[in-house]
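Comments concern the structure below.
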Amino acid sequence: WECTVPEAEFYKTVPADWKNKTFYHQQCVSTSPATEPFLPHVIRSRAKREDYVLFKLDIDSKLVETAIVDHLLSDDNDDLSYIDEFVWEHHVDNYLMASAWRSSRDMTKTIADSYKYFLKLRRKGVRAHSWV
């Protein structure tokens with residue numbers, strides 16, 4: 001996936017009952033809150049705190065994904081307060097996924113590190129899940 005799924009194609013996959021409740025946003029993104037588009041800022045600009053926001057982070061770039069998650073967990077912003085549920089395929093050193101993840105793996109992180117990330121997110125009130 002390289003920012004190539006047209007919006008119309010995406011909405012063809014959404015059940016009719018959910019189309020008016022679904023917002024599809026596809027854009028190549030920044031790793032820094034100082035440079036737009038930065039995903040947490042996109043979410044803030046599109047959602048209200050009372051909206052239900054499920055954020056699936058799946059960019060397949062350890063640099064981009066980890067920068068976004070670290071930002072969400074930092075205490076110097078309230079961007080996480082706009083997210084109710086978070087789904088992330090954290091690419092870590094995992095022999096079961098080595099052939100699929102190849103170069104997108106962060107060989108400095110393990111499954112235990114993933115659990116720590118998800119626990120931190122849950123302690124901050126976000127239902128956080130790995131989808132591997």
Side-chain angles (χ1 to χ4, degrees):
W1 181 83
E2 298 296 332
C3 293
T4 60
V5 178
E7 188 173 335
E9 288 299 311
F10 169 80
Y11 280 110
K12 286 180 185 176
T13 68
V14 178
D17 291 347
W18 289 94
K19 284 188 181 179
N20 68 340
K21 300 173 186 172
T22 302
F23 176 76
Y24 175 67
H25 186 88
Q26 174 180 253
Q27 188 173 29
C28 293
V29 297
S30 167
T31 60
S32 168
T35 306
E36 298 299 338
F38 184 61
L39 274 175
H41 297 170
V42 172
I43 292 169
R44 285 181 75 127
S45 72
R46 300 287 181 151
K48 299 183 288 279
R49 280 198 173 104
E50 60 269 16
D51 291 341
Y52 174 80
V53 174
L54 184 146
F55 177 20
K56 179 185 176 206
L57 181 61
D58 185 16
I59 298 172
D60 291 343
S61 166
K62 59 189 169 200
L63 175 69
V64 175
E65 291 184 355
T66 304
I68 290 169
V69 175
D70 287 342
H71 169 82
L72 290 171
L73 288 170
S74 71
D75 291 329
D76 65 351
N77 69 80
D78 68 343
D79 292 336
L80 197 59
S81 67
Y82 286 80
I83 298 168
D84 299 283
E85 197 146 358
F86 182 75
V87 181
W88 180 30
E89 183 181 50
H90 189 200
H91 294 201
V92 297
D93 184 11
N94 175 348
Y95 74 94
L96 296 172
M97 297 302 295
S99 63
W101 289 346
R102 294 184 195 98
S103 64
S104 69
R105 289 185 298 161
D106 184 346
M107 297 302 289
T108 68
K109 302 277 192 259
T110 66
I111 295 290
D113 294 309
S114 288
Y115 289 149
K116 290 175 189 173
Y117 268 117
F118 290 110
L119 182 59
K120 287 178 188 176
L121 288 159
R122 289 174 182 176
R123 285 184 171 155
K124 288 188 173 245
V126 174
R127 291 180 298 278
H129 317 282
S130 175
W131 71 279
V132 173

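Counting from 1, the numbers follow the sequence of the chain as shown. All values derive from a computational prediction rather than experimental measurement.
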Check against side chain to side chain contact (heavy atoms under 4.5 Å, CB included), Ile59 and Ile68: CA-CA 11 Å; Ile59 298 172; Ile68 290 169; 4.2 Å; yes
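- Between Val92 and Thr110 there is no side-chain heavy-atom pair separated by less than 4.5 Å.
- Sorted by first and then second residue, the salt bridge (charged side-chain N to carboxylate O under 4.0 Å, His left out) pairs involving residues 25-46 (not counting sequence neighbours) are Arg44-Asp78, Arg44-Asp79.
- Taking Glu50 as the reference, Lys48 meet the side chain to side chain contact (heavy atoms under 4.5 Å, CB included) condition, with sequence neighbours excluded.
- For Tyr117, the ring-ring contact (aromatic ring centres under 6.0 Å, His included) partners two or more places apart in sequence, or in a different chain, are Trp88, His90.
- To the nearest 0.5 Å, atoms CG (Leu57) and CG (Leu72) are separated by 8.5 Å.
- Across all non-hydrogen atoms, the minimal contact from Asp58 to Glu89 is OD1-OE1, 3.8 Å.
- In this pair, Phe118 and Phe86 present their aromatic rings tilted. The plane angle is within the 30 to 60° band.
- A single hydrophobic cluster is not seen to contain both Leu73 and Leu119; linkage of ILVMFWY side chains at heavy-atom distances under 4.5 Å, directly or through other members, places them apart.
- Identified under the salt bridge (charged side-chain N to carboxylate O under 4.0 Å, His left out) test for residues 108-124, with sequence neighbours left out: Asp75-Lys124.
- Evaluation of the side chain to side chain contact (heavy atoms under 4.5 Å, CB included) rule for Ser32 yields Ser30, Ala34, Thr35 as partners, not counting sequence neighbours.
- In this view, Tyr115 satisfies the ring-ring contact (aromatic ring centres under 6.0 Å, His included) rule with no residue, not counting sequence neighbours.
- Both Tyr11 and Trp18 are assigned to one and the same hydrophobic cluster, defined by single-linkage of ILVMFWY side chains at heavy-atom distances under 4.5 Å.
- Take Lys21 and apply the salt bridge (Lys or Arg N to Asp or Glu O under 4.0 Å) test, not counting sequence neighbours, and it matches no residue.
- Thr108 pairs by the side-chain hydrogen bond (donor to acceptor under 3.5 Å, both in side chains) definition with Asp106, not counting sequence neighbours.
- Taking hydrophobic clusters as Ile, Leu, Val, Met, Phe, Trp and Tyr residues chained together by side-chain heavy-atom distances below 4.5 Å, Tyr24 shares a cluster with Val14.
- Under the rule for a side-chain hydrogen bond (donor to acceptor under 3.5 Å, both in side chains), Asp17 has no partner lying at least two apart in sequence or in another chain.
- Every residue meeting the salt bridge (Lys or Arg N to Asp or Glu O under 4.0 Å) condition with Glu85, not counting sequence neighbours, appears here in chain and number order: Arg127.
- Closest non-hydrogen pair, Pro37 versus Cys28, comes out as CG-O, 3.3 Å.
- Residues forming a salt bridge (Lys or Arg N to Asp or Glu O under 4.0 Å) with Glu9 (at least two apart in sequence, or on another chain): Lys12.
- Under a hydrophobic clustering in which Ile, Leu, Val, Met, Phe, Trp and Tyr are joined whenever their side-chain heavy atoms come within less than 4.5 Å, directly or via other members, Val87 and Tyr52 fall into the same cluster.
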Worked check of side chain to side chain contact (heavy atoms under 4.5 Å, CB included) between Leu39 and Phe55: CA-CA 10 Å; Leu39 274 175; Phe55 177 20; 3.9 Å; yes
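- Evaluation of the salt bridge (Lys or Arg N to Asp or Glu O under 4.0 Å) rule for Asp84 yields no partner, not counting sequence neighbours.
- Nearest heavy-atom pair, Ala47 versus Asp51, reported as atom, atom and distance to 0.1 Å: CA-OD2, 3.5 Å.
- Across every non-hydrogen atom of Pro40 and His71, the tightest pair is CG-CD2, 3.7 Å.
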